[in-house]
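Per chain, numbering begins at 1; letters A, B, ... match sequence-line order. Hydrogens, waters and symmetry mates play no part in the numbers below; they use all other heavy atoms, side chains included.
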Amino acid sequence: MRLSRYFLPTLKETPAEAQIVSHRLMLRAGLIRQQAAGIYSWLPLGFRVLERISRIVREEQNAAGCQEILMPTIQPAELWRESGRYDDYGKEMLRFRDRHDRELLYGPTNEEMVTDIFRAYVKSYRQLPVMLYHIQWKFRDEVRPRFGVMRGREFLMKDSYSFDLDQAGARRSYNKMFVAYLRTFARLGLKAIPMRAETGPIGGDLSHEFIILAETGESQVFVHRDLVERDILAEAVDYESDLQPLVESWTSLYAATDEKHDEAAFAAIPPEKRVAARGIEVGHIFFFGTKYSGPQAMNVTVQGPDGKPVHPEMGSYGIGVSRLVGAIIEASHDEAGIIWPESVAPFRVGLLNLKVGDATTDSLCADLYERLRANGVEVLYDDREERAGVKFADADLIGLPWQVIVGPKGAASGLVELKRRKGGERHELDRDSVLERLIG
RNA sequence: CGGGGCGUAGCGCAGCCUGGUAGCGCGUCUGCCUUGGGCGCAGAAGGUCGUCGGUUCGAAUCCGGCCGCCCCGACCA
């Protein structure tokens, strides 16, 4: 993509409403535009990141055996009356009526609807387990939206739902999602730590929040260093195997938010293993049994092995996709701007032509641009007629992982500069070496 | 929902106290110049001062209602 034709409104100054760093950078880097309190448009660069994150989330959900569907944003009130939540949910739920005066709502979550889909088609225990998910916009009329996309009213969320014959099966589904979440956040370039959360109505230990560590995080967290340093991607995962030992190895070490913090237990950890940090919640998984499928709610049954009706055991699993864009920036930025992890970067390479109009830099850039693209490398080519300083500043601001800097001095001798955004190290290389590094 | 603050050009702000018909920086447009870290010079466009009403000869400015946005707290992917 040529930057001269790309819709990328970067700002030199920070809009007054933005307080936290991710919000400031998202506005300055031209990722989003606020349309109302907690409601945002996603501009081309921001939308690309949203799509990148969604792709990774999707790949890991699919790998864990979850199947993607797409439920609507608008839901009928009747479903929520069945579960009893229409009255319970309160003002956070946006309600309205259509032209026939039917009551509708903008979905804040989808337990009722997915349960409705399930009960329409699944009649036998032989069809279990079932795991469905979608990535869809949600609306929660938060009293006080803030922090940009970190707490918006309209937000993109991945929500999964599992249906099992019994609690042992539900635990297997839970464990799959647990591991899928670890892998998802690791692939997004984040250190996400599962922390025990409020237990559901059944009790037990089947509820975890996934919290990423970031200096500007909203809550205080306490974790065992081994959890922070452990790399799930280095471990082989077979979703058909018993994941319980793996899950236990992650949950046996200390990890807690300040609400659940146990000072004594934390003090029992060797001092060099204690990590007190700030965190941001990016995912939440929990088991809730028959809360929605039971007779008190939507009364869903399948026929069990003995021919008798069974209420399926359910769980739900959420990842805040749009929130993650902000969370990743909170976890990865510097004074100059965003530093995208490679896996979610909107483009992999920024190609900077420092002297547009100079025959040598123009042709060198054109060649690099074409050859990178031909090899599947996504490049944002800064071919604007701007001064070098503007290009450097914008490149650092939007945070693409690699910058290929082509200036008249180096170009004359066939050299360009390769700069890594993270860390900032630079190398003068000839064009083939640059291509080799970026394509390999 | 309790407390506080703010709405003036695309963005950041001054002007308001002490009413007299709107200004600065950045950005944008044109030309020249410059070309390795948000240059320089010259010219230009762009604002019903959130909105409705009141006071006044006259309101961005004083008074009131409404709307919107932000911050702190309680609550949350």
Side-chain angles (χ1 to χ4, degrees), chain A residues 9-20 23-24 27-28 30 33-39 53 57 89-93 107-110 135-160 181 184-185 192 197-198 208-212 218-219 257 259 279-286 316-327 335-337 352-358 360-362 382 384-397 403 405-412 415-417 419 424 426 428:
Chain A
T10 58
L11 302 174
K12 211 164 165 182
E13 289 175 284
T14 306
E17 72 269 15
Q19 294 297 314
I20 63 163
H23 191 195
R24 285 194 203 130
L27 292 168
R28 285 195 53 215
R33 172 170 175 79
Q34 180 168 348
Q35 307 288 174
I39 299 177
I53 294 171
V57 168
Y89 216 92
K91 288 186 160 182
E92 274 201 9
M93 184 153 73
T109 178
N110 286 68
I135 298 175
Q136 178 64 290
W137 294 92
K138 306 290 189 293
F139 193 91
R140 293 183 192 173
D141 202 356
E142 295 277 350
V143 208
R144 188 186 161 204
R146 62 183 128 171
F147 304 146
V149 300
M150 300 271 285
R151 183 162 334 153
R153 290 193 293 172
E154 187 180 54
F155 57 96
L156 188 61
M157 179 165 129
K158 187 286 300 177
D159 40 323
S160 311
Y181 274 36
T184 300
F185 296 124
E198 291 300 331
H208 287 88
E209 291 177 348
F210 286 76
I211 306 224
I212 64 157
E218 50 193 345
S219 55
T257 58
E259 299 106 48
I280 302 168
E281 183 183 346
V282 289
H284 195 168
I285 62 178
F286 56 96
S316 78
Y317 317 88
I319 290 178
V321 176
S322 50
R323 164 180 279 199
L324 272 167
V325 180
E335 314 72 47
L352 279 62
N353 185 345
L354 296 189
K355 192 170 182 180
V356 171
D358 176 282
T360 313
T361 60
D362 283 356
D382 193 344
R384 295 175 300 171
E385 297 198 22
E386 289 286 354
R387 296 178 59 83
V390 172
K391 300 193 177 195
F392 288 130
D394 274 343
D396 286 347
L397 176 62
Q403 295 172 15
I405 299 161
V406 182
K409 293 175 198 162
L415 292 175
V416 302
E417 193 170 290
K419 174 183 164 186
R426 305 145 176 267
E428 282 233 301

Using centres under 5.5 Å plus planes under 30 degrees as the test, is F155(A) stacked with A77(B)?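 Yes, F155(A) stacks on the base of A77(B).
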Answer yes or no: is there a side-chain heavy-atom contact under 4.5 Å between L27(A) and T14(A)?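 Contact flag for L27(A)/T14(A) side chains = no.
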So [X], base contact, sugar-phosphate only, or nothing? Heavy-atom distance under 4.0 Å.
X	value
D159(A)	nothing
E281(A)	sugar-phosphate
T109(A)	nothing
G407(A)	base
A388(A)	sugar-phosphate
K138(A)	nothing
R28(A)	base
D358(A)	nothing
L11(A)	nothing
E209(A)	nothing
V356(A)	nothing
A18(A)	nothing
G148(A)	nothing

Indicate whether OP1 or OP2 belonging to [N] is found under 4.0 Å from a side-chain N or O atom of [X].
X	N	value
K91(A)	C1(B)	yes
K12(A)	G27(B)	yes
Q34(A)	C70(B)	yes

Closest to side chain of [X], choosing from [options]:
X	options	answer
P15(A)	C11(B), G38(B), U35(B)	C11(B)
V143(A)	G36(B), C1(B), C13(B)	C1(B)
D394(A)	C1(B), G38(B), C26(B)	G38(B)
R426(A)	G37(B), C70(B), G12(B)	G37(B)
R387(A)	C26(B), G38(B), U34(B)	U34(B)
A36(A)	C69(B), C1(B), C76(B)	C69(B)
E142(A)	C39(B), A77(B), C13(B)	A77(B)
R140(A)	C72(B), G36(B), A77(B)	A77(B)
K409(A)	G38(B), C75(B), G36(B)	G36(B)
R146(A)	G36(B), C76(B), G73(B)	G73(B)

Q136(A): partners by side chain to side chain donor-acceptor pair (under 3.5 Å), with sequence neighbours left out: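 For Q136(A), no residue satisfies side chain to side chain donor-acceptor pair (under 3.5 Å) once neighbours in sequence are set aside.
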Across all strands shown, which nucleotide pairs with G43(B) by Watson-Crick or G-U wobble geometry, both distances under 3.5 Å?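 Base-paired to C29(B).
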D394(A) and salt bridge (Lys or Arg N to Asp or Glu O under 4.0 Å): which partner among R387(A), K12(A), R384(A), R28(A)?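 For D394(A), the salt bridge (Lys or Arg N to Asp or Glu O under 4.0 Å) check succeeds only for R384(A).
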